[in-house]
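Reviewing the structure listed below.
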Amino acid sequence: MTLQEDDVLLVLLVQSGDTAAFEKLLRRLHAPMRKYVRSLAGESSADDILQDVAWQIYRQIRQLREPRVFRAWAFRIATRISFQYLKRQKRWRDLENDAEFVRSLAVQTLLEPDEVDADFLSLIDQVSPSSRAVLLLHYQQHLSLEETAAILDIPFGTAKSRLSYGVATVRKFLKEKGRI
Amino acid sequence: MNPSDESIPAVEPEEERFVRRALAKAERTVRFDWIKQIVVMLIVFPGAYFLVGSAPEHPVPFTVIMVIGLMLVAVTSKIVGLINRNTRTILRAIAEIDRR
């Protein structure tokens, strides 16, 4: 049985009131979700965000009609809550709307997931949160751009442009630090 | 495989803390929802009595409304509980077949 099929059974069990299955789902989700939330919203808020995510999952899982999309659905919840935290803490920046900043970026070709290293991901907090989410889902969680766009509820073209902007921004900072 | 009974490998304290807190919160949520349901029932039944029972052409005693209402709630919860239990049993059986 694949991980996804196993997830489906666990989701169905949780929907019929099985607490042990909910515990198992949380354990499976913890490592990738923590990595994602920590990179997206920072270490200091990660614990609180993860608790909110777990609670929202528990509250809403009965309304999830297609258990196969559970992981994508959980990541969508995590993204939404992380964005709320960033906005509340006034850490939200929309650099894509800063024309001067965008002009300063060189035109970049997109990277393949295996081209992204720890150096690259360490500078990801320099990117605006909406692009950071695309970079993390695509390069860190190894999801396709189509899946990423679906999770973030944005058109495919927007996901692609945010990815391109994100890669260009990180490269700009890598260059400034003399790492490339 | 029984997804809910599978033995769990050594877990990190961070994960353990996360799971414990999440489960405790889920349990509190269940309890809170249960209390909320009781409060809603306590408001709905007298409300129904006020609307139906107190009308002069339908003089239904309050106790009858309460008994019927409570019976309906009990039967519904029992049916939902049975459906959920059967669903869990079937899902565990499917998981077991898949494991073999």
Side-chain angles (χ1 to χ4, degrees), chain A residues 1-38 41 43-65 67-68 70-71 74 77-78 81, chain B residues 1-41 72-100:
Chain A
M1 195 173 359
T2 65
L3 190 68
Q4 196 196 33
E5 284 168 332
D6 214 11
D7 272 359
V8 169
L9 278 172
L10 286 172
V11 170
L12 291 169
L13 279 165
V14 177
Q15 285 177 332
S16 58
D18 190 326
T19 317
F22 180 58
E23 181 178 342
K24 185 107 196 291
L25 261 187
L26 288 181
R27 288 190 191 282
R28 280 187 180 192
L29 214 54
H30 179 258
M33 191 66 90
R34 183 169 185 85
K35 208 170 156 190
Y36 175 66
V37 167
R38 208 164 38 190
E43 179 70 54
S44 58
S45 313
D47 277 343
D48 292 338
I49 293 172
L50 284 172
Q51 284 306 317
D52 283 2
V53 172
W55 190 66
Q56 286 293 332
I57 288 174
Y58 188 74
R59 295 288 292 178
Q60 296 174 19
I61 201 161
R62 279 173 196 261
Q63 275 95 55
L64 181 66
R65 290 190 183 172
R68 259 179 302 187
F70 171 74
R71 269 175 196 253
I77 292 175
I81 294 174
Chain B
M1 178 185 67
N2 183 342
S4 56
D5 294 341
E6 193 184 84
S7 61
I8 298 161
V11 287
E12 291 178 22
E14 225 170 41
E15 180 186 316
E16 196 56 40
R17 201 173 55 237
F18 162 70
V19 171
R20 291 291 140 231
R21 279 178 64 192
L23 289 176
K25 201 166 179 182
E27 200 182 308
R28 276 201 304 274
T29 304
V30 170
R31 220 175 300 151
F32 178 74
D33 284 349
W34 192 68
I35 292 168
K36 205 166 73 182
Q37 273 177 359
I38 291 173
V39 171
V40 168
M41 277 190 296
L72 277 174
V73 170
V75 168
T76 310
S77 335
K78 185 79 187 162
I79 291 170
V80 171
L82 280 172
I83 290 171
N84 280 339
R85 205 178 64 187
N86 288 343
T87 309
R88 284 198 297 270
T89 310
I90 291 164
L91 289 170
R92 285 189 184 130
I94 292 170
E96 186 62 28
I97 291 165
D98 280 346
R99 193 178 63 86
R100 282 176 198 166

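Every chain is numbered from 1, with letters handed out A, B, ... down the list of sequences. In what follows, every heavy atom counts, from backbone to side chain, and hydrogens, waters and symmetry copies are set aside.
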Looking at chain A, which one of B:T87, B:T29, B:V30 has the largest number of heavy-atom pairs inside 4.5 Å, strictly under?
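It is B:T29.
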
Between A:D47 and B:R17, does any side-chain N to carboxylate O distance fall below 4.0 Å?
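Yes, charged N to carboxylate O under 4.0 Å.
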
Salt bridge or not between A:E23 and B:R20? Use side-chain N to carboxylate O under 4.0 Å.
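Answer for the salt bridge query: yes.
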
Atom group of B:N86 that falls short of 4.5 Å from chain A, counting heavy atoms:
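When you check distances to chain A, no heavy atom of B:N86 falls under 4.5 Å.
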
Is it the side chain or the backbone of B:E27 that comes within 4.5 Å of chain A heavy atoms, both, or neither?
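Answer is neither: B:E27 stays 4.5 Å or more from chain A.
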
Do B:R88 side-chain atoms and A:S16 backbone N/O form a donor-acceptor pair below 3.5 Å?
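Answer holds: yes.
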
Taking atom CG of A:L13 and atom CD1 of B:I90, what is their separation to the nearest 0.5 Å?
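Answer rounded to 0.5 Å: 11.0 Å.
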
Measuring from atom CZ of A:R34 to atom CD of B:E15, what distance do you get when rounded to the nearest 0.5 angstrom?
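That separation rounds to 10.5 Å.
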
Closest non-hydrogen atom pair between B:F18 and A:Q51, with its separation:
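The pair with the smallest heavy-atom distance is O-NE2, 3.2 Å.
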
Nearest heavy atoms of B:K25 and A:W55, plus distance in Å:
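Of all heavy-atom pairs spanning B:K25 and A:W55, the closest is CG-CD1, 3.7 Å.
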
State which residues pass side-chain contact (heavy atoms from CB on, under 4.5 Å) with B:V39; sequence neighbours excluded, sorted by chain then number.
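Counting only residues at least two positions away or on another chain, B:V39 forms a side-chain contact (heavy atoms from CB on, under 4.5 Å) with B:I35, B:I43.
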
Considering only heavy atoms from C-beta outward, does the side chain of B:L23 approach that of A:T19 to under 4.5 Å?
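Yes. Closest side-chain heavy atoms under 4.5 Å.
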
Going by residue number, which parts of residues 56-65 of chain A are within reach of chain B, meaning a heavy-atom gap below 4.5 Å?
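Counting heavy atoms that sit under 4.5 Å from chain B, the residues of residues 56-65 of chain A involved are A:Y58, A:R59, A:R62.
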
